[in-house]
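Only one structure is covered here, and it is reproduced in the block below.
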Amino acid sequence: MSEQIRVRMAPSPTGHLHVGTARAALFNYLYARHYGATFILRLEDTDQERSRDEFAREIVEGLEWMGMRWDEGPYVEGGEWRSRGDFGPYLQSQRTETYRTYLERLLASGHAYWCYCTKEELEAERARQQEAKQAPRYAGTCRELSGPPEGKIAQVVRFKTPGGDVTFADVIRGEIKTDAALLDDFAIAKGLDVPLYNFAVVADDIEMQITHVIRGEDHISNTPKQLLIFAALGATPPRYAHLPLVLAADRTKLSKRTSETSLLAYRDQGFLPSALVNFFALLGWHPAGDREVLSPDELIAEFTIERVQKSGAVFDEAKLRHINREHIKLMDPRDLALALRPFFAGANLSDEVLERFAAAEQGRADTLAEMAAGAAWLTSYELPGADVLDRQGGARAHLEAAAAAAASGRLESWIAPYAEEHGKKEVYWPVRVALSGSEKSPDPVSLAAVLGPEESAARLAAAAQKLQ
RNA sequence: GGCCCUAUCGUCUAGCCCGGUCAGGACGUCGCCCUUUCACGGCGAAAACACGGGUUCGAAUCCCGUUGGGGCUACCA
């Protein structure tokens with residue numbers, strides 16, 4: 001029997017759920033579901049200063065909204081934090097016991113030591129090195145100390161980085177080699193109960209039996225440090241796969257500066273979760289064939305780590321919009337109506353009308369918000385002026401005839417032959433404009449189908465009246 | 001600066017591992033068609049192997065170098 005594959009997503013609740021975080025989570029999710037692995041969510045909230053509960057909730061909300069269900073980890077139910085899985089707690093702030101144990105082991109075995117240098121001393125040293133155009137690094141002052149120097153108190157725990165090369169086989173990039181001599185004796189904790197990132201990650205990946213770490217390329221330089229800690233702890237490290245970064249249009253790392261980075265902001269703009277999932281998957285990965293519009297299930301079936309790209313991918317909103325439109329087209333009108341509801345918050349439309357609207361408008365706009373924005377004819381109709389209505393002449397008679405046809409629900413079968421006889425432009429224009437109140441709109445038959453016979457006839461009759 | 005990653009149309013990419021198709025698809029752009037408006041849709045066009053050396057009968061594919069781009073360089077993650 002082969003080992004159970006376990007992957008994890010480990011975001012830090014120090015800001016809004018970033019689209020880059022969501023995409024990295026997605027690759028873990030796709031990998032997990034494709035290979036039948038366990039998908040774990042772990043919240044890395046060791047930084048007490050920056051971590052906030054509201055951000056943690058946003059992460060959970062966003063990942064759930066995207067449709068990613070994690071097998072283990074924290075979640076929110078009825079406003080309360082809950083947890084599922086046997087390797088918890090899954091919040092690093094609740095795992096201090098574990099870190100303390102590992103830290104003590106490292107200290108006892110001589111793989112780590114207390115550093116008594118103050119922040120000020122370190123900063124001064126760094127400034128001096130930079131001045132001298134040297135690489136800023138820790139001088140190793142406290143490395144061989146056996147006890148605290150006179151009048152000094154312990155500041156941080158440092159890892160005693162050994163010499164030699166650290167090599168690992170990245171699943172996506174192949175062999176990556178680092179000269180450990182270039183690595184500092186980096187800090188791994190601010191105190192026995194205050195672990196720092198590189199150390200906490202390793203302790204947790206060991207404890208949670210993580211087998212594959214799939215994360216952004218920006219973590220490549222952390223990997224050798226983590227590998228060294230695994231070795232010092234006598235543990236077998238997981239396999240690593242470093243994803244290409246998501247880039248802004250100027251090819252720099254995606255940031256608030258250059259683009260909208262909040263996942264939930266895209267939801268609020270009317271992007272479908274399935275479309276975002278599809279789009280994110282295409283950022284650094286591509287299926288074997290030419291098809292690009294895929295459902296989450298199809299993505300899971302198609303996904304393999306071998307097809308993940310090595311170089312960064314630019315986040316192209318135009319493509320996102322296109323994929324969103326395609327996903328809107330594919331939706332069942334009933335589901336679309338449900339998704340549309342929040343965008344018609346103040347409109348007081350019945351489910352029936354909204355569903356007919358969804359069916360008629362599918363594919364005419366890129367986002368749900370834009371569909372709603374283009375629905376003024378439904379939600380805030382205003383009778384157009386006579387000049388707009390009667391642009392081709394003779395509109396009154398046509399409108400009266402149309403009103404009669406609409407009243408008996410026969411507008412659709414009536415209009416084509418009637419227009420054939422009286423002139424297409426002369427008929428279609430006033431009928432459509434009267435129905436929509438706008439110069440730009442869907443065709444009159446679609447409009448009437450959504451409006452229903454009663455409303456259609458009323459609008460048509462009122463327009464005819466106006467031309468009197 | 002140092003270390004690391006990376007390089008096919010403007011963008012996402014197929015092809016590369018196992019050298020030999022007019023270098024394929026999609027988005028975007030442009031044009032034409034459809035059409036009662038706006039969209040949708042249909043058809044078509046322009047558009048790329050970063051550069052320089054090798055290896056080879058033959059290189060986008062293999063090797064070396066150059067250049068470009070990016071990431072990391074914390075008592076953040």
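Proteins get letters first, then strands, A, B, ... in listed order; numbering begins at 1 in each.
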Under a 3.5 Å limit on both distances, the Watson-Crick or wobble mate of B:rG19 is none
Rounded to whole Å, CG of A:Leu254 lies from C1' of B:rC12 at a distance of 15 Å
From NZ of A:Lys225 across to P of B:rC4 the rounded distance in Å is 14 Å
Comparing nearest nucleotides in RNA chain B, the 5'-proximal residue of the pair A:Glu439, A:Gln155 is A:Glu439
### Task
Could you walk me through whether A:Tyr418 and A:Trp414 pass the ring pair (Phe, Tyr, Trp, His ring centres under 6.0 Å) test, one step at a time?
CA-CA 6 Å; A:Tyr418 182 86; A:Trp414 164 85; 4.4 Å; yes
Return no unless some side-chain N or O of A:Thr252 is found under 4.0 Å from OP1 or OP2 of B:rG71. no
When A:Ala10 and A:Gly312 are each assigned the nearest nucleotide of RNA chain B, the 5'-most assignment goes to A:Gly312
Taking B:rU37, B:rC40, B:rC12 as options, the one with an atom nearest any side-chain atom of A:Arg325 is B:rC40
Rounded to whole Å, the CZ-P distance (A:Arg215 to B:rC72) equals 13 Å
B:rC38 -> Watson-Crick or G-U wobble partner, both distances under 3.5 Å, gives none
**OP:** Pick base, sugar-phosphate or nothing for A:Pro444, based on heavy-atom distances below 4.0 Å to the nucleic acid.
**Re:** base
Strictly below 4.0 Å: does A:Lys119 bring a side-chain N or O up to OP1 or OP2 of B:rA74?
no
For A:Glu382, is the CD atom crowded, meaning more than 12 foreign heavy atoms sit under 6.0 Å from it?
no
Of B:rU13, B:rC76, B:rU6, the nucleotide closest to the side chain of A:Leu196 is B:rC76
*Do NZ/NE/NH1/NH2 and the carboxylate oxygens of A:Glu131 and A:Arg128 come within less than 4.0 Å?*
no
Looking only at B:rC12, B:rC3, B:rA77, the nucleotide nearest the A:Ala313 side chain is B:rC12
Is the distance between the ring centroids of A:Tyr197 and A:His219 under 6.0 Å? yes
With A:Asp170 as partner, the option from A:Lys310, A:Arg239, A:His242 fulfilling side chain to side chain contact (heavy atoms under 4.5 Å, CB included) is A:His242
Rounded to whole Å, CD of A:Gln48 lies from P of B:rA77 at a distance of 10 Å
query = Distance between the C1' atoms of B:rA50 and B:rU8, in whole angstroms?
reply = 10 Å
From the list A:Phe303, A:Phe39, A:Trp285, ring pair (Phe, Tyr, Trp, His ring centres under 6.0 Å) partner of A:Phe27 resolves to A:Phe303
Electrostatic pair A:Asp185:A:Arg158 at N-O distance under 4.0 angstrom
no
Out of B:rG70, B:rG1, B:rC75, minimum distance to the side chain of A:Lys190 belongs to B:rC75
Taking atom C1' in both B:rU11 and B:rC51, what distance in whole Å separates the two?
23 Å
Judged by whether its glycosidic angle lies within 90° of 0, B:rC40 is syn
Re B:rC27: Watson-Crick or G-U wobble partner, both distances kept under 3.5 Å, found to be B:rG10
A:Arg52 CZ to B:rC76 P, in whole Å, measures 18 Å
Side-chain contact check for A:Arg307: nearest option of B:rU36, B:rG15, B:rC5 is B:rG15
Which part of the nucleic acid, if any, lies within reach of A:Asp170 when heavy atoms closer than 4.0 Å are counted: base, sugar-phosphate only, or nothing?
nothing
Next item on the list: For A:Tyr428 and B:rU36, say yes or no: do the ring centres fall under 5.5 Å of each other while the ring planes differ by less than 30°?
Entry: yes
Only residue of A:Phe315, A:Phe279, A:Phe280 satisfying ring pair (Phe, Tyr, Trp, His ring centres under 6.0 Å) with A:Tyr266 is A:Phe315
Mate of B:rU56 across any strand shown (Watson-Crick or G-U wobble, both atom pairs under 3.5 Å) is none
To the nearest 0.5 Å, atom NZ of A:Lys225 lies from atom CZ of A:Phe159 at 11.5 Å
Verify the contact: side-chain N or O of A:Lys424 to OP1 or OP2 of B:rU36, cut-off strictly under 4.0 Å; return yes or no. yes
Whole-Å distance, A:Arg432 CZ to B:rA39 C1', equals 11 Å
Q) Would you say the base of B:rC38 and the side-chain of A:Arg364 have a donor-acceptor pair closer than 3.5 Å? A) yes
| message | With rounding to the closest Å, how many angstrom separate the P atoms on B:rU6 and B:rU13? | response | 15 Å
From CD1 of A:Ile176 across to P of B:rG71 the rounded distance in Å is 17 Å
### Message
Between B:rC22 and B:rG54, how many Å separate the two C1' atoms, rounded to a whole number?
### Response
28 Å
Atom pairs under 3.5 Å, N or O on each side, protein against nucleotides 23-26 of chain B: can you list them with distances?
residue : atom : partner  : partner atom : Å
B:rG25  : N2   : A:Glu292 : OE2          : 2.8
B:rA26  : O2'  : A:Glu292 : OE1          : 2.9
B:rA26  : O2'  : A:Lys319 : NZ           : 3.4
B:rA26  : N3   : A:Lys319 : NZ           : 3.3

Checking B:rG69, B:rC27, B:rC75 against the side chain of A:Arg251 (C-beta onward), the nearest is B:rG69
Pairs under 3.5 angstrom, nitrogen or oxygen only, protein versus nucleotides 42-52 of chain B, please.
none

Per atom distances to the A:Arg126 side chain, the nearest of B:rA7, B:rU37, B:rA74 is B:rA74
ask   = What interatomic distance, in whole Å, is found between P of B:rC40 and the corresponding atom of B:rC32?
value = 16 Å
Flag for A:Arg52-A:Thr14: side-chain donor and acceptor within less than 3.5 Å: no
What one should report as the nearest heavy-atom pair of A:Asn222 and A:Asp218 is ND2-O, 4.5 Å
Re B:rC72: Watson-Crick or G-U wobble partner, both distances kept under 3.5 Å, found to be B:rG2
Only residue of A:Asp47, A:Asp204, A:Asp45, A:Thr98 satisfying side-chain hydrogen bond (donor to acceptor under 3.5 Å, both in side chains) with A:Gln92 is A:Asp204
Of the listed B:rU6, B:rC4, B:rU36, the closest approach to the A:Trp429 side chain comes from B:rU36
Rounded to whole Å, CG of A:Asp184 lies from C1' of B:rC3 at a distance of 12 Å
Winner on side-chain proximity to A:Gln309, out of B:rU13, B:rA77, B:rC4, is B:rU13
| message | With hydrogens left out and only the distance checked, is there a donor-acceptor pair under 3.5 Å joining A:Arg50's side chain and the base of B:rC76? | response | yes
Problem set entry | A:Arg459 bridged to A:Glu455 by N-O distance under 4.0 Å | yes
Say you pick atom C1' in B:rG2 and the same atom in B:rU21; how far apart are they, in whole Å?
45 Å
Looking only at B:rG70, B:rC75, B:rG41, the nucleotide nearest the A:Lys329 side chain is B:rG41
